[in-house]
Undergrad: 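Sharing a structure with you now.
Heads up: numbering here begins at 1 and tracks the sequence. All values reported here derive from a predicted model rather than from experimental measurement.
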Amino acid sequence: QVQVVESGGGLVQAGGSLRLSCAASGSIFSINAMGWYRQAPGKQREKVAIISKVGSTNYGDSVKGRFTISRDNAKNTVYLQMNSLKPEDTAVYYCNVGVSWGSIVNDYWGQGTQVTVSS
């Protein structure tokens with residue numbers, strides 16, 4: 001079993017910053033890509049940012065230049081630094097972790113953390 005736990009969500013005013021953390025633990029042999037996704041009420045879940053095991057990144061168009069994803073492989077942790085926040089960033093943010101055991105691959109989701117940006 002693998003556990004994925006996010007933290008760092010909360011309330012912030014437009015233009016402010018917030019830093020999310022996500023830690024994976026449990027029966028992990030190797031972590032591959034890690035990423036952040038978000039879902040606002042009435043909308044589909046969308047990609048925010050993804051980071052590979054070696055540090056290459058990919059961002060959703062709406063957050064480019066404002067958000068930065070990073071990881072600490074020794075801690076099995078991924079971070080999302082969110083700057084210049086906008087009300088439209090309000091959503092539940094979910095962490096996704098890809099885990100492999102040789103040829104066996106699975107991905108795991110955290111429970112989500114609420115981010116609310118006030119105007």
Undergrad: Please report the closest heavy-atom contact between K53 and S30, naming both atoms and the distance.
TA: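 K53 and S30 have their closest heavy atoms at NZ-OG, 3.5 Å.
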
Undergrad: Tell me whether E6 contacts the main-chain N or O of C95 through its side chain, where contact means a donor paired with an acceptor under 3.5 Å.
TA: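 Checking the backbone N and O of C95 against the side chain of E6, a donor-acceptor pair under 3.5 Å is found.
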
Undergrad: Starting at CG of N83, measure out to CG of L18 and round the result to the nearest 0.5 Å.
TA: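 CG of L18 is found 10.0 Å from CG of N83.
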
Undergrad: Taking the side chain as C-beta and beyond, is there a heavy-atom pair between Q114 and L11 under 4.5 Å?
TA: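 Side chain of Q114 against side chain of L11, heavy atoms only: no contact under 4.5 Å found.
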
Undergrad: Between V12 and M82, is there shared hydrophobic-cluster membership here, with clusters defined by ILVMFWY side-chain heavy atoms closer than 4.5 Å?
TA: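 Linked within one cluster.
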
Undergrad: Could you name each residue pair satisfying ring-ring contact (aromatic ring centres under 6.0 Å, His included) that touches residues 40-91, not counting sequence neighbours?
TA: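 Listed by first then second residue: nothing to list.
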
Undergrad: Taking atom CD of Q81 and atom CD1 of I69, what is their separation to the nearest 0.5 Å?
TA: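 Answer rounded to 0.5 Å: 12.0 Å.
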
Undergrad: Of all heavy-atom pairs between V63 and R38, which one has the smallest distance, and what is that distance?
TA: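 Residues V63 and R38, closest heavy atoms: CG1-NH1, 3.9 Å.
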
Undergrad: Is there a donor-acceptor pair under 3.5 Å between the side chain of S100 and the backbone N or O of V105?
TA: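 Between the backbone of V105 and the side chain of S100 there is no qualifying donor-acceptor contact (under 3.5 Å).
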
Undergrad: Against C22, only a single residue in L80, V78, T113, N96 fulfils side-chain contact (heavy atoms from CB on, under 4.5 Å); can you say which?
TA: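 The option that passes is V78.
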
Undergrad: Using the ring-ring contact (aromatic ring centres under 6.0 Å, His included) rule, collect all pairs that involve residues 94-119, keeping only residues at least two apart or in two chains.
TA: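 Residue pairs passing ring-ring contact (aromatic ring centres under 6.0 Å, His included), neighbours aside: Y37-W109.
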
Undergrad: What's the spacing between I51 CD1 and S56 OG if we round to 0.5 Å?
TA: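 Between atom CD1 of I51 and atom OG of S56 there are 7.5 Å.
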
Undergrad: Hey, any chance V97 and I50 share a hydrophobic cluster, counting ILVMFWY side chains that come within less than 4.5 Å of each other, even indirectly?
TA: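 No; I50 is not reachable from V97 via cluster members.
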
Undergrad: What are the two closest non-hydrogen atoms of I31 and A24, and how far apart are they?
TA: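 The answer is CD1-CB, 4.1 Å.
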
Undergrad: Apply the test side chain to side chain contact (heavy atoms under 4.5 Å, CB included) to residues R66 and D89: give CA-CA distance (whole Å), side-chain angles for both, the deciding distance (0.1 Å), then the verdict.
TA: CA-CA 11 Å; R66 300 189 298 122; D89 294 318; 2.8 Å; yes

Undergrad: Rounded at 0.5 Å granularity, tell me how far CE in M34 sits from CG in D72.
TA: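 So the CE of M34 and the CG of D72 are separated by 9.5 Å.
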
Undergrad: Is K75 close to S21 at the side-chain level, that is, under 4.5 Å between some pair of heavy atoms?
TA: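 S21 vs K75: side chains apart.
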
Undergrad: Please identify each residue that fulfils side chain to side chain donor-acceptor pair (under 3.5 Å) with T57, with sequence neighbours left out.
TA: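 Side chain to side chain donor-acceptor pair (under 3.5 Å) check on T57 returns nothing, list empty.
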
Undergrad: Which atoms form the tightest heavy-atom contact between A14 and P87, and what is the distance?
TA: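 Taking every non-hydrogen atom into account, CB-CD, 4.1 Å.
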
Undergrad: Applying the 4.5 Å side-chain criterion to the ILVMFWY set and letting contacts propagate, would I104 and V2 be lumped into a single cluster?
TA: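 Same cluster: I104 reaches V2 through Ile, Leu, Val, Met, Phe, Trp or Tyr contacts under 4.5 Å.
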
